[in-house]
Protein chains: 2
Amino acid sequence: METRELRYFVAVAEEAHFGRAADRLGMSQPPLSRAIAQLERRLGVELLVRTPRGVTLTVAGRTLLSEGRAALAAVAAAERRTRRRAGTPHDSVVLTAKAGASSELMVKLLDAYATEPDAAEVEVVLSPPGHQAPMLRDGRADVAVLHRPFDDLSGFDITPLTTESQVLIVPAGHPLSTRVAMSVEEATSIPDLPLPRWPHLDGTYPEGPGPELHDLTQVLQLVRLGRTAVVLPESVQANLRDGLAVVRLLDAPQVTTVLAWPPHSTSGGVAGLVRTAERL
Amino acid sequence: METRELRYFVAVAEEAHFGRAADRLGMSQPPLSRAIAQLERRLGVELLVRTPRGVTLTVAGRTLLSEGRAALAAVAAAERRTRRRAGTPHDSVVLTAKAGASSELMVKLLDAYATEPDAAEVEVVLSPPGHQAPMLRDGRADVAVLHRPFDDLSGFDITPLTTESQVLIVPAGHPLSTRVAMSVEEATSIPDLPLPRWPHLDGTYPEGPGPELHDLTQVLQLVRLGRTAVVLPESVQANLRDGLAVVRLLDAPQVTTVLAWPPHSTSGGVAGLVRTAERL
DNA sequence: AGGCCCGATACCGCAGGGGTATCGGTGCTG
DNA sequence: CAGCACCGATACCCCTGCGGTATCGGGCCT
């Protein structure tokens, strides 16, 4: 199977429509139809059901969609990492983390690593929440600071950095602000304080009553104004100012901050960073 | 980058020789040379150093070799899994384990899973030690029973099944057979009992004094005959018969038996098996 | 019934992948 | 030191197969 065929198939599967897919691929529809037909013939597998209104995926097609995406990401990663490795003759590493994430932890890690003999140059790339794992998958980054259970860690090697509980942040004057602890269920169903909605990777928001937000300070501002409440790892308490109250959550999942890197990493810099992290 | 180019490059990199690589790929040398040159041009990266006696890899080349192998495995996996999924309309799972591995554990797991409502059909494939991880990587299997730290778990999602210590097995009459415990260093340097050598994935053996072996019963036989000693997980004690003595190893790494599966697994069967394993 | 939307088919042109023959450079060898 | 063997690059040719345009065939809605 060639990556060209995979790209074509993924496009058609995602668009559920040959015409739009061809458009997206910058080609015309007939060769695309032919390529997919040929792929099906070569695999000996029916991937799509042609309907008069577009196409649907078969079971096999769904498998190829998810596996194919992963395979394409792996190929893209190979290409990106090769290019980057060639660009910098000395060992260098791209580390990505959530913008506004626990910076004292990263400072500690980077400082400790910098003291190592022949430490590689570490370029830190801060990106919006949820973008770290994809960057690691497609080779834009070599290491990432991720958060379990929020990020999808599948396919990465990891070493834990810290673990913490989660807390509910409510406005200072709110009736619940005097509570010491509560359950997650109770926290998610406060009548007058709907939890905010965070954007998906593509920038869209889930349905629901809460406000659409994507920024920590923005959220805390809105909590202060009595418009929402929010569940966050307890380390945010370091950034809290007046007007906010913290309630422990008894049954919220622990949040683990991990250092993650792709398998088959040949970079000595990554290895050194991991070694340093494991000693912290 | 097309998989064809990757296959070509990997072949040349592994053979360190255009002619042999072309041979292995079933083509002639000139188009291969051209394809690699074109790949280098398109990447804008020098991958190989041409010498009069063959080729050497550059730093970028080494990156592309390891990343490329992973990418090719991912593509192969996509193809295999798609084919298999198409073949069996009902949900089915291929589980692979080391031939002669802890069978009571697997029986427990499979029995527990079989009682689940709408459990998928599980096909168990026993294969030689060390072959499970590659099978999982290239799509011949959906789940595997692997052993840390022996198997390379990178890139898989895992859930631990059991953890055990390792012991040294010596002939019953041997002077060391009365010892209760010892260190790994001591165990690996018994003058008259060299540890056996196990085959690599390709069937070749490492250099060394010990006998070449690949089978558990064969090893135990040879220990009984006073020709070798062997370090094994303590669970082998269940299979021991007369003529063998067991010595605890104080500082040997713990062996963890894990259930591993590839990320992006869309199979409901895999998910069910994992859930069952996590409840054990 | 007519027009639409969508994928399949027919046909054509050409880029590029693969083949054979040969070259150029390097290092071993008699 | 000349000759040769080895190895990758180059030159040239053929033909596969990819992509393009034009058109068809069949549901579905109006």
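Residue numbers begin at 1 in each chain, while the letters A, B, ... track the order of the sequences. Bear in mind that the values here come from a model prediction, so they are computed numbers and not experimental data.
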Polar side chain donor-acceptor pair, A/Ser127 to A/Gln132, under 3.5 angstrom: yes
Check A/Arg137, A/Arg84, A/Arg80 against A/Asp142 for a salt bridge (charged side-chain N to carboxylate O under 4.0 Å, His left out) and give me the one that passes. A/Arg84
Looking at B/Arg34 and B/Glu5, is there a salt bridge between them, counting it only when a charged N and a carboxylate O are closer than 4.0 Å? no
Using atom types as modelled and distance alone, determine if a side-chain donor or acceptor of B/Thr228 lies under 3.5 Å from a backbone N or O of B/Pro194. yes
Does any N or O donor sit under 3.5 Å from an N or O acceptor when you compare the side chain of B/Arg4 with the base of C/dG17? no
Out of curiosity, A/Glu123 CD to A/Thr96 OG1, how far, rounded to the nearest 0.5 Å? 10.0 Å
How long is the gap from CZ on B/Phe9 to CE on B/Met1, to the nearest 0.5 Å? 9.5 Å
Please confirm whether the backbone N or O of B/Leu47 pairs with a side-chain atom of B/Thr58, one donor and one acceptor, at under 3.5 Å? yes
Please tell me whether B/Thr3 and A/Thr3 have a donor and an acceptor in their side chains that are separated by less than 3.5 angstrom. no
Near DNA chain D, counting only heavy atoms under 4.0 Å, which residues of residues 37-54 of chain A show up? A/Gln38, A/Pro52
Rounding to a whole Å, what distance do you find between B/Arg34:CZ and D/dT10:C1'? 10 Å
In residues 10-33 of chain A, which residues come under 4.0 Å of DNA chain C by heavy atom? A/His17, A/Phe18, A/Gly19, A/Gln29, A/Pro30, A/Ser33
